[in-house]
Amino acid sequence: MKSTIKAALAGAALLALAACGGNADDQAADNVEAAAEAQADNLEAQADMAPNETMEEALEQQADNVEEAGEAKADAIDDADDARMENATR
């Protein structure tokens, strides 16, 4: 649970950095995605130790959801950066 909270806080902090622009956004997107992957890996490890199949499947689904959300956030950061850069060159 602590690692989940840490990953969520790290993701929020990195989203705040996304407002800076340029290469920082690229790094922020990478970091958000990496934090989500780490959180998903923790959930998958918990699923491996689950006492029953129902709990295992639920944890694996939660891991998939976390990873997809992380990818979506990273894409949003990249898209926002691309739009800012395009507007800056006009």
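Quick note: residue numbers are just sequence positions, from 1. All values below were derived from every heavy atom in this structure, side-chain atoms included, with hydrogens, water molecules and symmetry-related copies excluded.
- Going from atom CG of D78 over to atom CG of D30 covers 7.5 Å, rounded to the nearest 0.5 Å.
- Residues D64 and E44 share a closest heavy-atom pair of OD1-OE2, 4.4 Å.
- The line from CD of E60 to CG of N65 is 12.0 Å long, rounded to the nearest 0.5 Å.
- Across all non-hydrogen atoms, the minimal contact from A74 to A29 is CB-O, 3.4 Å.
- Interatomic distance, CG of L43 versus CD of E67, reported as 10.5 Å (0.5 Å rounding).
- Of the inter-residue distances, the one linking L59 atom CG with N42 atom CG reads 11.5 Å to the nearest 0.5 angstrom.
- For the side-chain contact (heavy atoms from CB on, under 4.5 Å) with V32, the lone residue among K73, E37, E71 that qualifies is K73.
- Q46 contributes atom CD, which lies 11.5 Å from atom CG of D41 (distance to the nearest 0.5 angstrom).
- Of all heavy-atom pairs between E56 and A47, the closest is CG-O, 3.3 Å.
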